[in-house]
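Owing to the predicted nature of the structure, the values given are computational and were not obtained by experimental measurement. Ligands are counted one by one from 1 in listed order, and the atoms in each one are counted from 1 as well. Numbers for residues simply follow the sequence, beginning at 1.
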Amino acid sequence: MDISDIHLAPQGDSKIAWAQRAMPVLRAVAERWQGSRPLAGLRISACMHVTAETAVLMRTLAVGGAQVRLCASNPLSTQDDVAAGLVAGGIPVLAIAGEDRATYFRHLSQALEHRPQLLMDDGADLTTLVHTEHPELGAELRGGTEETTTGVTRLRSMAADGVLRFPMVAVNDADTKHLFDNRYGTGQSTIDGILRATNRLLAGACFVVCGYGWCGRGLAARAAGMGARVIVTEVDPVRALEAVMDGYAVMPIERAAELGDFFCTVTGNEHVIGPAAFARMKDGAVIANAGHFDVELDLEGLAAETSARRRIRPSLEELELTSGKRLYLLAEGRLVNLAAAEGHPADVMDLSFATQALTVAQLGRGELAAGVHRVPTEIDAEVARLKLAAMGVELDRLSDAQQRYLGGWRTGT
Ligand code: NAI
């Protein structure tokens, strides 16, 4: 293991316990697994954001009998106290907040020294490393799970190139994941990150959201809810139309650049805001990214136009451009909700991680062929049912007659 400071364990433990209180579905899975231990003896290497919610997931997998080893899926998202709490409880962690690129990849390689039978990935860096540097591990791997949109996109490219050697389940694409985590989780935690970094007022400001996918929809809704005027930029005509009908202005980034006070990318694409847009921005504009990788803002293009930079607050840098204008960059362009805040609230990660846990148990049986797979709809339905029950929400049941009606075709006008 390689963490910052084991003495932080008590603080990490209390954070983990607090998160666990808000994760009733994962608690129900753990209770069920105490007897059945579906992961008994299986080695899992997980590359995920080292947060309190991830810690609850790791402990649940351990209750199911797995031997888990965790590394970070982003150099800035690790919570050192949580890492210490996990290590003190017997789960090895390789993650230090702010680690450099070389340390980040060393930690991934050390996670693979575990010789995993199952992978859990968030962004597909670990899966890619198996294929590029440790192909010998492929033979023993029963498969893995992928948590985020960008990772699923990478896996589909690997499958299309004919190189993906084992089954990977796209947890991101499960309804109980992207409908809630990407939308409500990213919406709330991105605003949280921007506010913690800047302590600025959103009411009355102009907030530009680049990308109107699952994350962008949530972010736009929450920014509007705080009183901001929201502009959306898109490349997909259907998504752009949806944004228009949801009540937002839609325009190209170069035009939005002149109007925005806050900018946040959430596209999964590179260089969504580039030099032409930076040049048009107002003095004092705040720029951030909540997409998975730090490629969405053209940081090299921005650096080329920057004459001086200084850190003002922990996740806030002032960049003085050669034109004399100042722009404020949050969290070095990395996911602002995890680097400047604590990521999604536990209540919503309960859904994503219960879906992860049940999917991993199914993968452990080793029945899937190489390729990218969907989460079975029964897992989605079960996770949603358990969450509703925990919330005390009841729903109606189809009567026999209704079931027959829905299954028939003879009854029409
Ligand atoms: P999505 O595929 O639903 O939406 C992305 C949208 O961006 C699409 O509508 C696409 O047309 C648009 N887009 C692509 N290039 C663009 C460009 N140049 N300009 C404007 N729009 C553009 O993806 P989703 O689920 O919303 O995820 C977006 C990113 O956020 C991914 O990288 C994903 O991995 C990441 N993510 C981050 C989370 C966080 O905690 N910060 C949580 C979940 C996902």
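Looking at atom 23 (O) of ligand 1, its nearest protein heavy atom turns out to be Thr149 CG2, 3.5 Å. The protein heavy atom nearest to atom 28 (C) of ligand 1 is Val266 O, 3.5 Å. The protein atom (non-hydrogen) at minimum distance from atom 36 (N) of ligand 1 is Thr148 OG1, 3.6 Å. Of all protein heavy atoms, the one lying nearest to atom 9 (O) of ligand 1 is Glu234 OE2, 2.5 Å. The single protein non-hydrogen atom nearest to atom 35 (C) of ligand 1 is His292 N, 3.6 Å, given as residue, atom name and distance. If you check which protein heavy atom lies closest to atom 3 (O) of ligand 1, you get Trp214 N, 3.2 Å. Distance from atom 5 (C) of ligand 1 to its nearest protein heavy atom, with residue and atom name: Thr267 O, 3.5 Å. The protein heavy-atom contact nearest to atom 37 (C) of ligand 1 is Ala290 O, 3.3 Å.
Heavy-atom separations between His49 and ligand 1 are all 4.0 Å or longer.
Atoms of ligand 1 found under 4.0 Å from any heavy atom of Thr150, numbered from 1 in the order shown, are 31 (C), 32 (O), 33 (C), 34 (O). Under a 4.0 Å criterion applied to the non-hydrogen atoms of Thr233, ligand 1 contributes the atoms 20 (C), 21 (N). Close approach to Thr186 involves these atoms of ligand 1, each under 4.0 Å from a residue heavy atom: 38 (C), 42 (C), 43 (C).
Considering backbone and side-chain N/O atoms, Asn337 comes within less than 3.5 Å of an N/O atom of ligand 1. Any N or O atom pair closer than 3.5 Å counts here, and Cys215 shares at least one such pair with ligand 1. Annotation: Asp181 places no N or O atom under 3.5 Å from an N or O atom of ligand 1; distance criterion only. In terms of N/O distances under 3.5 Å, ligand 1 is not approached by Lys177.
Residues Asp121 and Met48 fail the side-chain proximity criterion, which asks for heavy atoms closer than 4.5 Å. By the 4.5 Å heavy-atom criterion applied to side chains, Thr233 and Ile273 are not counted as neighbours.
Geometrically, Arg217 engages Trp214 in a cation-pi contact defined by less than 6.0 Å to the ring centre and at most 45° from the axis.
Residue contacts with ligand 1, taken as heavy atom pairs separated by less than 4.0 Å, do not involve His178 at all. With a heavy-atom cut-off of 4.0 Å, Leu335 touches ligand 1 through its side chain alone.
Between the side chain of Arg69 and the backbone N or O of Val93, no donor-acceptor pair lies under 3.5 Å. With hydrogens and angles ignored, the 3.5 Å screen pairs no side-chain donor or acceptor of Asn337 with any backbone N or O of Gly343. Judged by distance alone, the side chain of Lys387 and the main-chain N or O of Leu351 form no donor-acceptor pair under 3.5 Å. Ser36 contributes a side-chain N or O that, together with a main-chain N or O of Arg32, makes up a donor-acceptor pair within less than 3.5 Å. Between the side chain of Glu234 and the main chain of Tyr212, a donor-acceptor pair closer than 3.5 Å is present. Side chain of Asp122 to main chain of Glu147: no donor-acceptor pair is present (N/O by atom type, distance under 3.5 Å, no hydrogens or angles).
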Distance-only criterion, 3.5 Å: show the donor-acceptor pairs between side-chain atoms of residues 178-185 and protein atoms not counting sequence neighbours.
residue: His178; atom: ND1; partner: Asn172; partner atom: O; Å: 3.0
residue: His178; atom: ND1; partner: Asp173; partner atom: O; Å: 3.4
residue: His178; atom: ND1; partner: Ala174; partner atom: O; Å: 3.0
residue: Asp181; atom: OD1; partner: His344; partner atom: NE2; Å: 2.9
residue: Asp181; atom: OD2; partner: Ser352; partner atom: OG; Å: 2.8
residue: Asn182; atom: OD1; partner: Lys177; partner atom: NZ; Å: 2.7
residue: Asn182; atom: ND2; partner: Thr149; partner atom: OG1; Å: 3.4
residue: Asn182; atom: ND2; partner: Asn172; partner atom: OD1; Å: 3.1
residue: Arg183; atom: NE; partner: Leu179; partner atom: O; Å: 3.1
residue: Arg183; atom: NH2; partner: Leu179; partner atom: O; Å: 3.4

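Listed by chain and number, the residues in a salt bridge (Lys or Arg N to Asp or Glu O under 4.0 Å) with Arg21 amount to none (sequence neighbours excluded).
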